[in-house]
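FYI, side chains are in, hydrogens and waters are out, and symmetry mates aren't considered; it's all heavy atoms of this structure. Letters go in sequence order (proteins before strands), and every chain restarts at 1.
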Amino acid sequence: MRINCPHCGPRDRREFTYQGDALALDRPDPEAGPDVWNDYIHNRDNPAGPTRELWYHETGCAAWLVVTRDTVTHDIHAVELASAVKGAGK
Amino acid sequence: MTDLLAKSPCDGLLPLTIGSVTVTEIAFDAITSLAPFKGQESAVSDALKVQMGAAFPKPNRTTGKAHARAVWSGVGQALVLGPPLAPIPGAAMTDQTDAWTCVALEGDGARDVLARLTPLDLRPSVFKQGHAARTEIAHMGGVLMRTGENRYGLMVFRSMAATLVHDLEIAMQSVAARGRL
Amino acid sequence: MRISGSHNGGGLIDRGKPLRFTFDGHSYQGFAGDTLASALLANDIRMVARSFKYHRPRGIMTAGSEEPNALVTLGTGAAQEPNLRATTLELHDGLAAHSQNRWPSLDWDLLALNDLAAPFFGAGFYYKTFMWPRAFWEKLYEPAIRRAAGLGALSGQPNADRYEKAFAHCDLLVVGAGPAGLMAALTAARAGADVILADEDTVMGGRLNAENEEVGGQPGREWAAGLVAELAEMDNVRLMPRTAVTGVFDGGTYGALERVSMHVASPGQAPRECFWRIVARRAILAAGSLERPVAFQNNDRPGIMMAGAVRAYLNRWNVAPGRSVAVFGNNDSAHRTAADLIAAGINVAALIDARPGAKTDLDVPFYHGQVCGSEGRKGLEAVSIATQSGIEKVQADCLAVSGGWNPTLHIACHMNGRPAWDEKIVAFVPKPGMVPGLAAAGSANGAFSTAQCLAQGADAAQEALADLGLKPAKPEIPQAEDDPYSITALWSVPGKGRAWLDFQNDVTVKDVNLAARESYASVEHMKRYTTQGMAPDQGKNSNVNALAILADATGRSIPETGTTTYRPPFVPLTMAAIGAGAQGKGFAPQRFTTSHAATEEAGAPMIEAGLWYRPSYFPAPGETHWRQSCDREVGYVRNAVGICDVSTLGKIDIQGPDAPEFLDFVYTNMFSTLKVGRTRYGLMLREDGHVMDDGTTARLSEHHYLMTTTTAAAGQVMRHLELVRQGLRPDLDVQIISVTEQWAQFAVAGPKSRELLNGLLDAPIDDESFPFMGCGDITLGGVAGRLFRISFSGEHAYEIAVPARFGDSLFRTLKSRAEALGGGAYGMEALNVLRIEKGFITHSEIHGRTTAFDVGLQGMMSKKKDFIGKTASQRPGLMDEDRERLVGLKPTGAVKQLTAGAHLFNDGAEATRENDQGYVTSVGFSPTLGHFIGLGFLKRGPERIGETVRMVDHLRGVETTCEVCNPVFFDPEGGRARD
Ligand SMILES: [Zn+2]
């Protein structure tokens, strides 16, 4: 498996660390209430198909990446910098 | 009062030559990390040019020359290898002079040795002179630079010097022994 | 036997280089260029193995990596390597091979009795037979079966051989160097692509090395050799002979096993094998095809071989596998074999063609029919031929069989792709797009003539080049054999006896039929019920045949029945090759502190803390137990001064206009209010409200902090801070970088710590310049360093940091000066006791399931700001008084010992899971207090101070009662650190 880091180019998966769904970037307001926080902390979909995942280029450039990946075909559709994804959302 | 003696990371471990490949330790006067704050990128690059004649490097690249080189070392960050830097406004700077094991790997088989240690694409047409990468070097996160036709600069954390030399030695032995088959 | 003279130009052996080798202790001679298999056949060794289940005599069946029978063990002792295929082992002088799965000898194998009990051992026999009593399975049946059924064995000793892993990158990977692969590689290389050409054989050329045919007007193998020589001269081509591509993985990554030095007697420091990870933008599968057998009664006797293998032994190795050879097939491969045998001067006893209307021009006894049986004790002596006029017996010591050819499409299926059934060639062929970027060419693609292979190789390369953006030049395709492929399906010949399908796992036609009768009609069920295709060869010789027989038995077509999945590896891989580079010191980096050498010189045993090596204790003369050393070292710190290397703690430099806000967000407590020149203890939570890490952070200037983390969590915290910085708060202007390795840092702890430092520093310090929790710059002999007045022991203490190059020197200086003051260096054991005495937590307590509330630090959670973990930490369940919360423990029972990991129960309660009240996390003997002390978590702990609880360690068999107490055992007011 290879991930095309926006900084470093295509790299072997052993340089990266996986950290679950990219939902983790959408931190709720402290006052959003228990249901919203419960969803944010604990509930994740497990789709057969495209997912958005957080990967850390740990032995590379130290960028956090949002990788859009298909769990069925293993195709990687997009690799974005978490900082850019977050910046665009704000 | 005391008199502290300095020891290099590879003290007693290098140099090492096996077959056509040699590893030597490189000592820099200083290694300084440089990370511009928001919006300060070009000002910091200009200041760096004034101080050492090299711009802030683009991702996967080095600027400058031997003993005065800036190497891209990650998101928004470079390591300046060579002269100690005067403070540059608009950038976070840290002294990293003692944090890294720096070695040069040189010789005909240098690329073959590295192919046993890193998943990086090392083809000469891809990883050219002046290129650099943050990558994995034998289980260690490191900095890899191509500084000549058959010469590479490797950096891993200081504490891992013995492991780096060990892993290089095994790979060098293997490459040399393959050549004798 | 070796053919005298030089059939087919002498083949690819060098008769000028004889080699000695042994098989089962007997010495034989072969030639350079031989495989073990060709050399054994040249020496008329026909029986080379006993079969897996029935211990039937078996001989060499193929000439390639698909060999099911001829598995041997090489070497003895630690170097013993089992289950190697004789057909791929290159002969070298002194090679020593042994047969397997026989006792006491190959010739006289006691377990051959299994064959007589065959009716008992049919498909699913162990599922049916060994069901009861249940306990017997593990203790009796399985060990017995494992002894009886099997392959070779490992020595059980550590293997001293070298193995390696390596990475390669290319534009185009060509898998297989037969006519298609060679043509593809040449076409791509001439266009300037970076090409890797990998072939599992020693000599590139594929079937051209095994056939007696011409390409471009010259012998095929010479044409191949010429082309290989041209490729070898090109800088953009890497030739990888002896390299089997074993698997296809995501992103164009291919696994490949190279046999590096198995073919030489003295490899020196060369690895035995290398496991390659090859990254290719495009790939061409030109792996050829595998000939398949026909099932008939007793079709597994030594001497019964694949027709293509017989030709390979004749043409490549000049070996006749028999003196009188019968040839049987359903396609032209049989006729070609007969012709080659005649050309080599070998008697053809019979040519049997199963196709309707078959005929031949060859001057041989010709039969239109089928071979229906064989005879011979430990090797073939005669075959029975069923024709329309009845059954005829013909004397033959070798039978060459061809049931047709299966494209070698295995790796194309590694990413879940399913092949298509091609009725014209009665075989599965790869479908385009099964693996992104991979195309099949030549006989791997179902094109069986040499001319078609050459053309398809060139075409596939041109398509790949277009994808790569390179300009392809149309290569000249040399003249070659272009006979049409004519085949009539034949899977098994009717008959009463057992007819083998899977030779490696001893599965017969009857087994498959039985599976169908017992409703294991899905191919996946049949496979598992009969074990067909589950041997190390993954059914290369049997899958299609077994599928066809299952289809027949269930009244379905082959495409309807489907096919099983091929998985990596294509050929068996040694664990040593997969794990290469990770043995011994290669397993993980070793991180040594700058005091490592001095610490080892002092005789301190090292313990691993993550990747770091830290001293356990520093033994003194006369001490016989680590506890004596530990007690002494605790005393140094409590009474004089102790020195400990704390460089392994993570140090993160944090700078920027928003650094204060950043720290306020990641820590539960406030850091924006910390004064410059001061240090504060901080607590970090995960977003789910549990403690992630703790440590002290110093404010070096207005916008510059230095955070410390625990040794264990340094990497995790760095990752977390980067996630916060990049992914949660990219609005903050802050830069972070690890400076862990820049500084050698030592704890100088104890009542005499300042006295020691003042003898060392260029300028003396006092309570004013360095108050408790103060920090600042210092110099030692002109070397600039940092000093922090922090304490993990509860004593008046400092941590002094200098650039790492001076670490060795400073540690030696500190140690000797401490010794002069009645102290010395201390290790992890003493450090642990000192912090337990003070109730300081480590990751034994903040182990991922505890909250700030649990460890009694709820007061550190600021109400004035948001921080990571704040919302979740306030959930009622995490603030419940009933939770297991931190307490101190001291033994009060007859047993004066505590053990970490023990569980706590109410006094007098039974020690059962239902009664569990908590557990012990850290223990140590406190020389300061004179008894064991411990930390642990107890339900409603802080409310139960003074209570007696029961401690039970089921694992170590230790039990006692303890008093619940304040976790701060020593100096609870904290005056000693401040004074
Ligand atoms: Zn990267």
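- Contact record, A:Thr59 with B:Met140: CG2-C, 4.4 Å, taken as the closest heavy-atom pair.
- Chosen from B:Leu120, B:Ile137, B:Val143, B:Thr135, the residue pairing most often with chain A at heavy-atom distances under 4.5 Å is B:Thr135.
- Taking A:His57, A:Glu58, A:Arg11 one by one and counting their heavy-atom pairs under 4.5 Å with chain B, the maximum is reached by A:Arg11.
- The candidate from A:Pro10, A:Ala62, A:Cys8 with the greatest count of non-hydrogen atom pairs under 4.5 Å with chain B is A:Cys8.
- For A:Asn46, the CG atom is loosely surrounded, since the number of other residues' heavy atoms within 6.0 Å does not exceed 12.
- Summarising the local packing, CG of A:Asp45 is surrounded by 12 or fewer heavy atoms from other residues, nucleotides or ligands at distances under 6.0 Å.
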For residues 4-15 of chain B, dump all side-chain donor-acceptor pairs below 3.5 Å to protein atoms at least two apart in sequence or in another chain.
| from | atom 1 | to | atom 2 | distance (Å) |
| --- | --- | --- | --- | --- |
| B:Ser8 | OG | B:Asp11 | N | 3.4 |
| B:Ser8 | OG | B:Glu25 | OE1 | 2.8 |
| B:Ser8 | OG | B:Glu25 | OE2 | 3.4 |

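- Of all heavy-atom pairs between A:His7 and B:Pro59, the closest is O-CB, 3.8 Å.
- For A:His77, the NE2 atom is densely surrounded, since the number of other residues' heavy atoms within 6.0 Å is greater than 12.
- Minimum interatomic distance between B:Arg134 and A:Glu15 (heavy atoms only, all atoms of both residues): O-OE1, 4.2 Å.
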